Structure formats: C-alpha cells, structure tokens
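This one's a predicted model, so the numbers in the text were calculated from it and none came from an experiment. Heavy atoms only: backbone and side chains are in, while hydrogens, waters and symmetry mates are out.
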Amino acid sequence: MSPEASSAPRSLAEALRSRDDASLAALLRDRPDLVAPVPTDLTQLATRAGTRASVLRALEHLDRFALQTAQALAVAPDPATYDTLHGLLAGDDGDPAVTEALPATVAALRRQALIWGDDDRLHLVRTARELLAPSAQHPSPTGLGPTVREATSGMSPGRVQQIVNTAGLPSTHDPVSAVAALTALFADRKRMDALLAEAPEAAREVLTRLMWGPPYGQVTADPATHLRWLLDRGLLLPTAPGTVVLPREVALHLRGGRAHRVPEPVPPAVEPSVAHDPGIVDATAAGQAYTALATVEELLKHWDQGGPAVLRAGGLSVRDLKRTAVALDAPEPLAAFWIELAYAAGLLASDGAADERYAPTPAYDTWLERPVAERWGRLAAAWLAATRTAGLIGGRDIKDRALSALGPGLDRSAAPEVRHRVLTLLADLPAGVAPAPEAVLTRLSWERPVRAPQRDGTEDLRVRLARWTLSEAELLGVTGRGALSSHGRALLGAAPEPDDTPLSSAEQHTAIAVGLLAPLLPEPLDHVLLQADLTAVAPGPLLRPLAEMLGVLADVESKGGATVYRFTPASVRRALDAGQTAADLHAFLAQHSRTPVPQPLTYLIDDVARRHGHLRVGVASAYVRCDDDSVLNEIIADKRAAALRLRRLAPTVLAAPCDPATLLEGLRSLGYAPAAESAQGDVLITRADAHRTPPRTAPEPVPEGPPAPDSVLLTAAVRAIRAGDLAATTPLKAPGPQPAGGELPRTSPADTLATLQAAVMTGEAVWIGYVNADGAASQRVVAPIRVEGGSVTAYDHTADEVRTYPLHRITGVAELAED
C-alpha cells in the first residue's frame with residue numbers, strides 16, 4: 001500500500017479529524033444543527049452529521065448545481081474519483097461551465113461534510129447516498145435506473161450467461177465475472193457503439209424513450225422482436241414480471257456520459273425588465289409608504305372601541321375579516337395583510353378579557369406620537385423579520401383546518417430568509433431598475449430547488465413566499481414601480497453609512513432607512529377647504545390633532561390625493577358627545593379653514609347643539625328626562641318608539657326596561673339627539689380611544705431550525721470538540737487498562753489517588769472518567785494541580801479551565817502515552 005493510500009481517511013470522523021479549527025468552525029456555521037448540543041468529540045460530530053434529519057436539512061439548503069453534484073455522486077461508484085464525477089456532470093464532450101464551477105462546488109460539499117475524502121477517493125455520506133440513489137420506489141432526479149449488478153442480482157446464473165453470450169462476450173465461470181464483463185462492455189464507448197449499430201431501428205427508439213427516464217417500461221409475456229433483441233443482450237433487464245429497466249451504464253452511454261439532461265452550474269441572471277429614474281422610484285415608494293401608514297392607522301382607529309371577537313380556536317372570523325375589508329375599502333387578502341402587519345409590529349393584540357376581543361395596544365398610542373418616517377420604520381422592520389405569513393390566510397393547514405387572520409398556523413420560518421433574499425436580488429440591480437418577477441422566481445428556484453412537488457398541486461412554499469414578498473414590498477413602500485427604493489436598500493443593509501463603515505444591526509439599518517425616507521414624505525397640512533355642500537377637502541395629509549378632531553366632527557367620504565370629509569347631524573352630535581361645544585366647533589373650523597365657514601355648516605352645528613342634551617338618558621334600567629314635557633309626549637305618541645316600551649314616571653321623566661346604550665341608539669334613530677348622563681346627573685363624555693389591551697409584546701418570529709452560532713460559540717464549540725476528541729483518542733500507557741471505545745476508565749480508589757498524586761508531582765496530564773451530580777458520565781483529559789480534602793483541582797483540557805472534581809465521582813484514571 002502506498003503512503004498516500006495509507007494516509008487517506010477511512011471514515012468521515014477521520015476526515016474531520018484532519019481539518020483545522022477554521023474548517024470545523026465553517027462546518028458548524030453552515031450546519032448549525034450540529035452544534036446544539038455541542039458534540040463531545042469528532043466521532044460524535046461525524047455521527048450527527050450523518051443522521052437522516054441533519055443530512056436532509058443540509059441537502060435542502062444546497063443550490064441546484066450542488067444538488068446535481070451530490071446526485072451524480074450518488075449514481076457513481078463509491079468511492080469515485082474527481083474525474084469520474086466531472087464526466088458525469090460535463091459529459092464526454094465536456095462543458096467549460098461545469099469544469100469551472102465544479103471545484104468550488106466540491107469544496108463546498110466537502111466543507112459541509114456531505115462528501116469526504118481526497119479527489120481520488122470521493123465518498124458521498126452514506127445517508128445522502130441512500131436518499132439520492134435511484135430505486136424503483138424513489139426514482140432519482142437524474143432519471144437513471146439501477147446498475148447492471150443491481151438489476152441482475154436476482155437473475156439465474158444461466159440467464160446471465162445467455163445474455164453475455166448473445167452480447168458477443170466469452171462465457172465465464174461464475175455470474176460475478178459475467179456481470180463484470182457485461183458492465184465493462186456497456187461502459188466501453190466503442191464496443192457499445194458497435195453493438196447498438198446492429199440494433200433494429202425500433203429498438204433504438206425504445207432506448208431513446210427510456211434514456212432520460214423514467215427508466216422503467218412494461219412488456220408482455222411474448223415481447224416484440226425489437227424488445228426481444230434488447231432483452232437478449234441485457235440492454236433491457238427484467239426487474240419484475242412484465243417490467244423491464246434500462247441499466248444505468250447503458251443510459252449513461254446513450255446520454256454521452258451525462259447524469260443530468262441539463263447541468264446548471266451557473267445561476268440564472270436576474271435580468272432587468274424596465275428602468276426608471278431613481279428619484280421617481282423613491283417618490284413612488286414614499287407615497288405608498290404614507291398610504292400604508294394611513295391604512296394601518298385607519299384599521300386601528302376602526303377597532304378603537306374594541307375590535308372583533310377572538311374565535312375560540314384563535315384568530316378572526318371570516319365575517320369580521322369581510323367587515324374590516326369593507327371598512328378599509330380593500331380586498332380581503334389585502335385587509336388580512338394590514339391586520340397581520342399591525343399585529344407583527346405589536347400595535348394590535350387580544351385584550352385577554354372574558355369576552356376576548358382584538359384592540360390596539362398601549363404601544364399604538366406611543367407609535368402615533370412618533371414622526372411619520374419612524375412609524376414606517378417600525379412597520380417595515382416588523383414585516384422584514386416576521387414569520388407570520390398573511391398570504392396563507394384563507395387556505396387550509398395539514399389537518400384541513402381553515403387558516404384565519406391572527407390565528408394559529410400562519411408561521412413559516414422560511415419567510416424572513418426569502419424576503420431578505422428577494423430584496424437582495426433587487427439590490428444587486430442598478431438603482432431604479434426593476435426585474436421581471438419570473439426572473440426573480442427562477443433565480444430563487446435555482447438557489448433552493450424543489451426536491452418534491454407539492455401534494456396539493458400548489459406552488460412550492462418558497463415560490464409563493466417570493467411572490468408575496470414582491471407584492472407586499474410594493475404595498476409597504478419598500479419598492480416603487482418594482483424597483484428597490486433607496487430607503488429599501490438601507491432597510492436591507494445594502495446601503496452603507498455615510499462614512500462607509502459596515503452596519504452591524506437591524507436597528508441601524510432601520511434608522512438609516514428612516515433618515516432617507518423622511519425628506520420624501522409630504523409635510524402635514526394645518527388647514528382644510530370648507531365647501532358649501534357640507535364637505536371639507538383636505539388637499540394632503542393633515543397634522544395629527546387636526547386629523548383626529550376632523551375625524552370626530554365629520555365622516556370620510558372619499559380618499560385619494562385629497563380626502564373629502566362630510567358633515568352630518570350624526571357626525572356633529574358625535575363631536576358634541578366627545579365634550580365639544582358649539583362655540584368650540586365654530587372656532588375650530590374658523591381657525592383651520594382656508595375658506596370662509598359656509599352658512600349651512602354653521603346652521604347645522606347650531607341646530608344639533610340646540611337639541612343636544614335636551615333629553616337625558618340614565619339608568620332605571622334606563623330613563624329619559626326632559627324639562628319640556630311636550631317633547632316626552634311626542635315620543636310617547638310616536639309608534640316607532642313602541643319597541644322601547646317607554647312609560648311615564650313623572651311629567652318630565654320616562655323609564656324603559658332596556659339598557660341606556662340601547663335607549664340612546666333608539667332615540668337617535670327616531671331623529672332626536674339625547675345625551676347620556678351619569679348617576680350624578682352629569683353628561684357623560686365618550687372618548688374615541690377608550691379601549692386598549694394590557695401591555696403586549698410583538699409576536700416573536702419562529703426560527704427556521706437552530707439559530708446560527710456566533711463566533712464566540714463557534715470558537716468555544718471547536719475547542720470543546722477538540723478537547724473531547726483528545727480525551728477519546730489519546731492512547732494510554734501500557735500496560736495500563738485500555739477501556740473499550742466509549743467506556744470510562746476503571747481503577748480502585750487507592751490507585752486513583754496514587755495516580756493523581758503522582759501526576760501532581762510530575763505535571764503530566766491524565767485521563768479520568770467522571771460522573772456528575774446528574775449521573776452524566778464523561779471522559780476528560782486533566783492536568784492535576786493539587787489533591788486535598790477529598791477532591792482534585794486540575795486544569796481541564798476539555799473545558800479549557802481549572803476545575804475541582806470530588807474524588808468519589810472519578811470512576812478511574814489512566815496515564816496517557818508519552819507521544
């Protein structure tokens with residue numbers, strides 16, 4: 001055996017043992033599931049890296065060419081040489097793109113411990129080979145079938161010899177050598193060309209149909225002549241009664257050595273679709289950002305007095321979602337997005353009461369006081385990191401239960417990563433350039449190819465997430481006209497700080513995005529235009545106090561570039577119920593109108609104010625009192641008031657069995673303007689912001705698997721693995737006891753004490769077995785410092801620190817070999 005062969009790793013554990021610390025850290029960074037918990041040694045790390053769950057997760061994170069490379073190795077001999085792998089991907093004619101991309105791909109697969117070994121002996125991890133190798137139950141994406149050896153494993157020796165003879169090969173003494181000779185024939189390009197040149201045309205057509213898969217076909221008990229020709233020469237091999245398969249070696253010859261029909265070593269480019277002026281893109285995105293803020297504010301204002309009830313299973317009912325969509329003048333999917341966005345930002349939650357309802361949180365009031373750009377920053381940052389996916393609302397979960405807004409089952413851990421990746425692809429294009437959506441989806445499909453189609457026939461989740469990201473980014477003002485805005489680039493972290501120092505946190509990204517957006521937003525106005533038809537026109541966004549007061553005094557009639565408010569008796573009464581007087585309303589309108597206050601509006605306010613509070617409603621269950629008994633006589637005589645079941649208690653008092661709120665609404669529906677009063681006879685003033693939830697925190701995103709380890713954890717994990725591997729692999733001095741692999745050393749208490757005391761004097765490291773208070777056993781390499789008081793103080797190489805161990809918990813001790 002050559003020195004090179006003897007030094008080649010014989011297992012994944014040996015291959016990992018030959019790596020340096022940086023390479024081990026890269027492995028743990030690429031596959032964070034391997035570090036939770038930290039493996040005790042490299043053997044355990046290799047074992048964990050080969051488990052089915054870990055390998056599946058690693059394969060799902062490969063790009064298309066890396067996956068094609070792994071699939072090619074799965075159909076290659078084990079081990080395979082680099083040249084064999086290159087031939088399977090590049091074909092007999094070679095492919096310069098494959099030749100250029102393959103070294104980096106092999107290095108990446110080796111870094112992730114999916115393949116190991118040198119270039120002359122490449123091994124695919126056994127679990128990955130089992131997952132990717134073709135079988136009748138699980139066809140390979142390569143379309144290849146079993147090898148000649150696998151397909152003939154149940155065939156009689158006599159039948160194998162007949163095939164060998166018919167193919168023009170000499171007879172052999174055993175079926176193993178016969179199969180080897182047939183395999184060599186099919187792998188020999190020249191001899192196979194000569195054999196196929198003799199095939200009937202119909203036989204060659206059959207081979208062409210099976211060449212790219214699926215490789216299985218059906219035959220009758222008495223096959224046609226051209227099929228018999230193929231069966232007699234082993235170009236088709238029976239696998240079951242009536243079923244034949246095209247051997248892998250034959251398919252590879254027909255394909256020119258390629259394992260895949262179309263290798264894709266180069267990611268598809270995200271080509272520009274249309275270019276806009278960057279200033280127009282930013283202005284468009286800023287306008288949409290302001291609209292997004294107004295929509296969220298309108299939603300929460302609509303739920304100010306307590307929103308819809310929470311379903312027993314959690315979430316919003318379909319009926320309440322429809323009502324909210326009507327209130328927002330938006331389609332239901334869009335209304336669901338705004339609801340989920342407000343929830344993700346911590347502005348909306350359930351109140352936790354007995355009759356649980358949704359309502360704004362106290363954070364909503366704080367949010368309203370912030371500058372406009374900062375309010376947008378909070379929404380955008382929450383959207384970017386949220387795992388709750390509004391696009392799923394209205395669908396069904398795996399248990400066929402409906403998915404509702406604000407309900408369970410909407411978290412998709414891949415959502416933040418897909419959003420970041422989609423925006424990153426947009427950021428890679430020049431400013432103002434928008435790509436075609438399908439180009440983005442094609443690129444994402446290459447980066448994370450779908451390994452299996454969806455059972456329900458829908459698009460892959462990542463593709464749907466990408467589509468939703470493109471539309472939601474436009475709605476939120478992160479993009480404008482399909483191109484990433486300047487504040488969108490900053491939010492993503494693609495725009496550097498003014499001093500060109502790298503950004504370090506999401507908060508910094510958001511702060512810079514807010515700074516870029518603020519100058520683009522319109523300045524709030526302090527005036528409206530009153531018109532004679534009892535309307536007011538706001539030609540732009542209004543200052544918050546003005547907008548809030550106007551929202552109480554009038555009803556929004558239309559939105560757009562300008563908002564139109566309409567004054568009605570009900571809206572004026574609403575302002576009076578909120579504690580305003582007629583004089584206050586006249587002064588407010590005169591102060592904030594750029595046009596004279598129309599006379600009809602003045603008359604309207606005075607008329608409603610004159611009648612407001614003329615009637616008083618209290619608790620009797622409810623009562624009505626009025627100084628003018630003629631008004632009460634009028635109410636008693638009105639047939640429409642029969643449902644209220646009013647009765648006279650005194651000349652100026654009527655009583656009703658219903659509650660005050662119902663009585664108030666009933667009288668208002670009759671055209672009166674009653675005011676509610678307290679038990680002390682004072683007029684009750686209603687506030688628009690009366691209902692808030694207790695303090696609530698925004699929902700935490702659901703991570704996709706274990707979190708990525710930071711550099712501190714990686715350094716500590718590599719050090720611990722190295723130390724544990726030292727304890728597990730360091731040879732002991734002969735003739736001391738040699739525990740079997742994984743077993744703790746066992747010595748008597750006297751021998752243990754003597755060995756530790758000797759190690760203190762000599763300063764040598766020893767190997768101990770230790771059982772902690774929880775009963776967990778471990779092996780450690782320690783350098784004893786002192787032995788006293790029933791314990792040993794030593795430097796623990798495994799933990800890289802000085803520790804004290806009770807002697808009664810040490811199972812045994814062994815000296816290490818001097819080398």
Trainee: Name the one of His123, Arg129, Glu130 that satisfies side-chain contact (heavy atoms from CB on, under 4.5 Å) with Arg126?
Mentor: Glu130
Trainee: What distance do Leu334 atom CG and Ser471 atom OG have between them, rounded to the nearest 0.5 Å?
Mentor: 9.0 Å
Trainee: Tell me whether Arg467 is salt-bridged to Glu438, with the criterion being a basic N under 4.0 Å from an acidic carboxylate O.
Mentor: yes
Trainee: Quick one, Tyr82 and Arg121 - any side-chain contact, counting heavy atoms below 4.5 Å?
Mentor: no
Trainee: Taking the basic N atoms (NZ, or NE/NH1/NH2) and the acidic carboxylate oxygens, is any pair closer than 4.0 Å for Arg481 and Glu474?
Mentor: no
Trainee: Salt bridge or not between Arg448 and Glu60? Use side-chain N to carboxylate O under 4.0 Å.
Mentor: no
Trainee: So, the side chain of Glu150 versus the backbone of Thr147: is there a donor-acceptor pair under 3.5 Å, distance only?
Mentor: yes
Trainee: Indicate yes or no: at least one non-hydrogen side-chain atom of Val270 is less than 4.5 angstrom from one of Asp428.
Mentor: no
Trainee: Say you draw a straight line from OG of Ser54 to CG of Leu34; how long is it, rounded to the nearest 0.5 Å?
Mentor: 4.5 Å
Trainee: Please round to the nearest 0.5 Å and tell me the distance separating atom CZ of Arg31 and atom CZ of Arg48.
Mentor: 11.0 Å
Trainee: Give the C-alpha distance, both sets of side-chain angles, the deciding distance and a yes or no for salt bridge (charged side-chain N to carboxylate O under 4.0 Å, His left out) between Glu447 and Arg64.
Mentor: CA-CA 6 Å; Glu447 294 179 349; Arg64 179 159 294 159; over 6 Å; no
Trainee: Could you work out, with side chain to side chain donor-acceptor pair (under 3.5 Å) as the rule, every residue matching Glu205, not counting sequence neighbours?
Mentor: none
Trainee: Please determine whether the number of non-hydrogen atoms from other residues, nucleotides or ligands lying under 6.0 Å from atom CZ of Arg52 exceeds 12.
Mentor: no
Trainee: I'd like to know if Arg489 pairs up with Asp282 as an ion pair, taking the criterion as any Lys NZ or Arg NE/NH1/NH2 lying under 4.0 Å from an Asp or Glu carboxylate oxygen.
Mentor: no
Trainee: Do Leu492 and Leu426 come close enough that some side-chain heavy atom pair is under 4.5 Å?
Mentor: no
Trainee: Check this for me: Arg149, atom CZ, are more than 12 non-hydrogen atoms of other residues, nucleotides or ligands nearer than 6.0 Å?
Mentor: no
